[in-house]
Amino acid sequence: MTGTELAPDTVVVPDARLYIDGRWSSPSDRELVPVHNPATEQVIGSVIECTRADIDAAFAAARQALGPWAATTVEHRAELLDALADALHDRGEELAVLASMEIGMPLTESRAVQAAFPESVLRSIVDVARTTRWEYDDESGTTIVREPVGVVLAITPWNFPVHQIIAKLAPALATGCTVVLKPAELTPLNALFLAELCDAAGIPAGVVNVVTGRGSTTGEMLVQSEGYDLVSFTGSLTVGKHIGQVAGGRVIRATLELGGKSPAVVLDDADLEIAVRTTVRNCFTNAGQKCNAPTRLIVPDGELARAREIAVAAAASYVLGDPIDPSTTMGPLASAAQRDKVLGYLDAARARGATVAGGVRADGFDAGYYVTPAIVTDVGENDPVVTDEIFGPVLVLLGHQGFDDAVRIANDTPYGLSAEVWSADPALAEALARHIAAGQVRINGVRSPQPPVAPFGGYKASGIGRELGRFGLDEYLETKAVLGLHHKS
């Protein structure tokens, strides 16, 4: 190994601890929930199943810290977040290795999206906070004041955990909110790692609190608590609906990012080879466990056979294996349950007459939740493999009969998180993008531009609210109008 590369056995795994009110604790009378490496199925650590007392303590700490933290200057908070970004940079390799061990993501991907990208997001939020108008007079002479919404409950998913934590933590702290964070039970160790970085960066006690446990127990107790003023959740539609109902009953704000079934639409003037290969690559990032993965590839009817040939060849080129091995390009799925869910969808599609290339348990592994990438064709538009978010390495090919038909198919889903469009004509590509109901539309393979401030979030069942940049900051702010303070004469 060279440079800053680390072996997995050199990474210190945060284990069986809670971080509440600036203190670490390891109560001995709590149930421990094991955390498994999906590549080996071995236990790599454990986390505490929190009790009501732990949850109450976390919210009490966040509430007590709120006033002093909100009263600090934006610049002071920005300086502490700068220190956190520096710590994230300095220990990024450790975090990337830990994330690969928890999620099964190839280390090359983890370095980019579990370490480098979260650092970039954090720094961009700090820059936005420094340039935000926190108080100003409008045209009527009314003073507009932006204030923190209060205590935030942040519940994050298992697929891109570090990024999702930072995407919630950074704007919350920058605006003066305090946070109680509940990471996903499959991948909680990175949250404890980040808590260590917050502590080292000098973020005051109670501003960030991390509680752990199962979603059905700890998560539900957190949601039912009356200790928070805003809940920010990323995860499944079913759980998101439940959280939204609870928040609505209390008339408090909820930001919900709930997944998608994103289309990649290829028009007949596009370079089919580039469009298909790029879509395959984007779909199979993190073994397809990605909410904005383009899982429906919609090509001209006359190009279906050629598109399938290209896609099958691209899928077959993936090297499955140990996520830490640099030659690996696809790791396992995150859990046995996720593997079985994906295989269940594919088996059912085959039974209904679909043609599926790949999509089986990978040979040659003594352990691990490995599934070969799947390309699905000869399937109806209403088939569950087309309509449901599967969250695995599954790409469905569909045919369209022109611009209007492509738009119809792209929008024929309850989701609207992301979309990709392909055309050699910039005006046509723009027109197509404007017709698709999605929170983000990427033209001709463009990825997230730097700095990462473009708003991310969805239409329809993909959720409520936005993350990243100024739009993400706004989610954590209240707006107050003070009349008569500087009234015009």
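Numbers for residues simply follow the sequence, beginning at 1.
- A heavy-atom distance below 4.5 Å is found between the side chains of Leu222 and Val180.
- Atom-to-atom distance recorded for Leu397:CG and Leu297:CG is 4.5 Å, nearest 0.5 angstrom.
- A donor-acceptor pair under 3.5 Å is formed between the side chain of Thr328 and the backbone N or O of Asp322.
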Might you work through the side chain to side chain contact (heavy atoms under 4.5 Å, CB included) test for Arg253 and Tyr228, ending with a clear yes or no?
CA-CA 10 Å; Arg253 205 181 306 178; Tyr228 59 93; over 6 Å; no
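- Side-chain atoms of Thr212 and Pro183, non-hydrogen and from C-beta on, do get closer than 4.5 Å to each other.
- Considering Arg350, Arg352, Arg296 in turn, Arg352 is the only one that fulfils the salt bridge (charged side-chain N to carboxylate O under 4.0 Å, His left out) rule with Asp383.
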Worked verdict on Asp388 versus Tyr345 for side chain to side chain contact (heavy atoms under 4.5 Å, CB included)
CA-CA 9 Å; Asp388 295 358; Tyr345 267 100; 2.8 Å; yes
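- Considering every non-hydrogen atom in both Cys291 and Ser262, the closest pair reads O-OG, 4.3 Å.
- Contact record, Arg308 with Ala357: NH2-CB, 3.8 Å, taken as the closest heavy-atom pair.
- With contacts defined as side-chain heavy-atom distances shorter than 4.5 Å, the pair Thr255/Arg466 does not qualify.
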Is there a side chain to side chain contact (heavy atoms under 4.5 Å, CB included) between Ser232 and Tyr476? Walk through the geometry before answering.
CA-CA 9 Å; Ser232 180; Tyr476 297 88; 3.4 Å; yes
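- Interatomic distance, CZ of Arg442 versus OG of Ser448, reported as 4.0 Å (0.5 Å rounding).
- With rounding to the nearest 0.5 Å, the separation of CG in Asn159 from CG in Leu333 is 12.0 Å.
- Using the six-membered ring where Trp is involved, Phe117 and His163 have ring planes that are tilted, between 30° and 60° apart.
- Counting only heavy atoms from C-beta outward, the side chains of Leu320 and Pro373 approach each other to under 4.5 Å.
- No donor-acceptor pair closer than 3.5 Å links the side chain of Glu478 to the backbone N or O of Pro148.
- A side chain to side chain donor-acceptor pair (under 3.5 Å) check over residues 423-432, counting only residues at least two apart or in different chains, returns the pairs Asp269-Ser423, Glu430-Arg434.
- Between the side chain of Thr278 and the main chain of Ala275, no donor-acceptor pair closer than 3.5 Å is present.
- Between the Asn190 side chain and the Ala99 main chain, no donor and acceptor come within less than 3.5 Å of each other.
- Other residues, nucleotides and ligands contribute at most 12 non-hydrogen atoms within 6.0 Å of the CD atom of Glu309.
- Residue pairs that meet the side chain to side chain donor-acceptor pair (under 3.5 Å) test with at least one member in residues 452-462, sequence neighbours left out, do not exist here.
- Remark: Ile125 CD1 to Leu468 CG distance equals 6.5 Å, nearest 0.5 Å.
- At least one side-chain heavy atom of Leu237 sits under 4.5 Å from a side-chain heavy atom of Lys241.
- The backbone N or O of Asp138 lies less than 3.5 Å from no partner atom in the side chain of Thr142, so there is not a single donor-acceptor pair.
- For the residue pair Pro332 and Pro323, the shortest heavy atom distance occurs at CD-CG, 3.9 Å.
- Using modelled atom types, one finds no donor on one side chain facing an acceptor on the other under 3.5 Å when comparing Thr238 with Ser236.
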If you apply the rule salt bridge (Lys or Arg N to Asp or Glu O under 4.0 Å), what do you find for Glu109 with Lys290, and how did you get there?
CA-CA 13 Å; Glu109 289 183 16; Lys290 181 182 176 188; over 6 Å; no
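- Of all the heavy atoms in Ala170 and Leu122, the pair that sits closest is CB-CD1, 3.6 Å.
- Using modelled atom types and a 3.5 Å distance limit, the side chains of Arg146 and Thr175 yield no donor-acceptor pair.
- Put simply, the side chain of Leu194 reaches to within 4.5 Å of the side chain of Leu88, judged on heavy atoms.
- Inter-residue side-chain proximity for Tyr370 and Met330 is flagged as unmet; no heavy-atom pair is nearer than 4.5 Å.
- Not one N or O on the side chain of Gln164 forms a donor-acceptor pair closer than 3.5 Å with the backbone of Thr234.
- Counting heavy atoms from C-beta on, the side chains of Glu94 and Phe193 come closer than 4.5 Å.
- Put simply, the side chain of Glu389 gets close to the backbone of Gly260: a donor and an acceptor are under 3.5 Å apart.
- To the nearest 0.5 Å, the span separating CG on Leu258 from CG on Leu417 amounts to 9.0 Å.
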Derivation and outcome, salt bridge (Lys or Arg N to Asp or Glu O under 4.0 Å), residues Arg361 and Asp340
CA-CA 10 Å; Arg361 287 197 189 202; Asp340 294 345; 3.8 Å; yes
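- Side chain of Gln224 to backbone of Gly219: no donor-acceptor contact under 3.5 angstrom is found.
- Pairs passing the ring pair (Phe, Tyr, Trp, His ring centres under 6.0 Å) check and including a residue from residues 409-439, sequence neighbours excluded, read Phe403-His435.
- Panel note: side chain Asp229, backbone Val151; a donor-acceptor pair is recorded below 3.5 Å.
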Could you go through Val265 and Leu432, starting from their C-alpha distance and side-chain angles, then the distance that decides it, and tell me whether this counts as side chain to side chain contact (heavy atoms under 4.5 Å, CB included)?
CA-CA 9 Å; Val265 180; Leu432 182 57; 3.7 Å; yes
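- More than 12 heavy-atom neighbours from other residues, nucleotides or ligands sit within 6.0 angstrom of CZ on Phe365.
- Panel note: side chain Ser100, backbone Ala96; a donor-acceptor pair is recorded below 3.5 Å.
- With rounding to the nearest 0.5 angstrom, the CD1 atom of Ile274 is 11.5 Å from the OG1 atom of Thr279.
- Scanning both residues, Val396 and Val385, for their nearest heavy atoms gives CG2-O, 3.5 Å.
- Taking all atoms of both residues into account, the shortest heavy-atom contact from Pro452 to Ser120 is CD-OG, 3.2 Å.
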